[in-house]
Amino acid sequence: MAKPKQKVIITCAVTGAIHTPSMSPHLPVTADEIAEAAIGAAKAGAAVLHLHARDPQTGKPSQDPALFKPFLERIKQETDAIINITTGGSPHMTVEERMRPATTFKPELASLNMGSMNFGLYPMLGRFKEFKHDWEREHLENSRSLVFRNTYQDIESILTLGNANGTRFEFECYDISHLYNLAHFVDRGLVKSPPFIQSVFGILGGIGPHPEDLMHMKRTADRLFGKDYEWSILGAGRGQMPLATIGAAMGSNVRVGLEDSLWIGPGEMAKSNQVQVERIRTILEALNLEIATPEEARAKLDLKG
Ligand code: KMH
Ligand code: ZN
């Protein structure tokens, strides 16, 4: 009998906390913009929506649950997509601040960043020079001296929160050592199988964006977790589509969205999250891969529903 085809989970990361409003007029900022962007992405085939919130006046990233509530309500009314709330927030925030929305809303999925690292945003000062708000320049400039803090204690606190609420995780692994940290928490019984590993390529401070980097991540994950994990690829910036394509051809799930890249082609800004989901969907279908519905993604990731 023919083996059932593995379906690919598309995650769309709608706004994030890396890019700032002056970098793209298409970056969703208000609750309505975030809701519309997320709904468009879900209609185009994203089974998972990875969500951050922003202050509607300045576009500054915020973990205030009151800013998440209106878009979460609309997304739940209008789609069946899986809600994935960030616990990474922004590298400028404390872990306590970052945990607030996942604590309040107990989502099916939340992100969990698997190690402390430098997070080099300041090279973007060379590309984007005009900023409407003071915080935008500071956000890039201050990345020279900050550490994105994710200690063992921080990770354990977030795991304990998720385990109490039935929230499972998108484990953000920006380097090989983060896979070893994840294996450590699996060994301690704090992570249930199969872990959903979001391997992140091309952030300054993490692993690079080359196919060799992707192969090294995959080989290491295979060795540490056997076949018992769900793999997903996130390529930052111009690596977004090429890395997702290579990964999908090798059996991974994929993540796109304006959190990870503002672009749809060389020098061409993506006008919406939806166009990036449509683009990766076209690529996946050209590879004869099928797209997972939210129900199928829930089954694959063993979510509470
Ligand atoms: N910004 C991405 C590189 C999080 O929200 O926890 C990773 C991310 C982190 O999505
Ligand atoms: Zn995020």
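All values reported here derive from a predicted model rather than from experimental measurement. Ligands are counted one by one from 1 in listed order, and the atoms in each one are counted from 1 as well.
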Could you tell me whether [X] and [Y] make a salt bridge, using a distance below 4.0 angstrom between a side-chain N and a carboxylate O?
{"X": "Glu136", "Y": "Lys132", "result": "no"}
{"X": "Glu73", "Y": "Lys76", "result": "no"}
{"X": "Glu156", "Y": "Arg188", "result": "yes"}
{"X": "Asp154", "Y": "Arg149", "result": "yes"}
{"X": "Arg255", "Y": "Glu172", "result": "yes"}

Quick test: of every protein heavy atom, which one is nearest to atom 7 (C) of ligand 1, and how far off is it to 0.1 Å?
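Of every protein heavy atom, Tyr174 OH, 3.1 Å lies nearest to atom 7 (C) of ligand 1.
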
Checking the N or O distance criterion of under 3.5 Å, is ligand 1 in contact with Gly89?
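No; the residue has no nitrogen or oxygen that sits under 3.5 Å from a nitrogen or oxygen of the ligand.
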
Does an N or O from Ser111, backbone or side chain, lie closer than 3.5 Å to an N or O of ligand 1?
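Min N/O separation from ligand 1 is below 3.5 Å for Ser111.
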
Check each of Lys304, Arg168, Arg298 against Glu108 using the side-chain hydrogen bond (donor to acceptor under 3.5 Å, both in side chains) test, and report the only one that passes.
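Answer after filtering Lys304, Arg168, Arg298: Arg298.
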
Would you say the ring centers of Phe128 and Phe131 fall short of 6.0 Å from each other?
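Distance test on ring centres: not under 6.0 Å, no.
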
Which atoms of ligand 1 are found less than 4.0 Å from any heavy atom of Thr86?
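Near Thr86, the atoms of ligand 1 are 4 (C), 5 (O), 6 (O).
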
Which ligand 1 atoms does His52 reach within 4.0 Å, using its non-hydrogen atoms?
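Every atom of ligand 1 under 4.0 Å from some heavy atom of His52: 5 (O).
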
Heavy atom under 4.0 Å from ligand 1: found in Arg255's side chain, backbone, both, or neither?
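Near ligand 1, Arg255 shows its side chain, while the N, CA, C and O stay back.
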
Asn113, portion touching ligand 1 at heavy-atom distance under 4.0 Å
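Answer for Asn113: side chain.
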
Would you call Gln198 a ligand 1 contact, heavy-atom distance under 4.0 Å?
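Heavy atoms of Gln198 never come under 4.0 Å of ligand 1.
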
Shortest heavy-atom approach to atom 1 (N) of ligand 1 - which of His50, Glu259, His19:
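Checking each option, the heavy atom nearest atom 1 (N) of ligand 1 is found in Glu259.
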
Report the name of the N/O/S atom of Glu259 located nearest to the Zn ion (ligand 2).
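The nearest such atom is OE2.
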
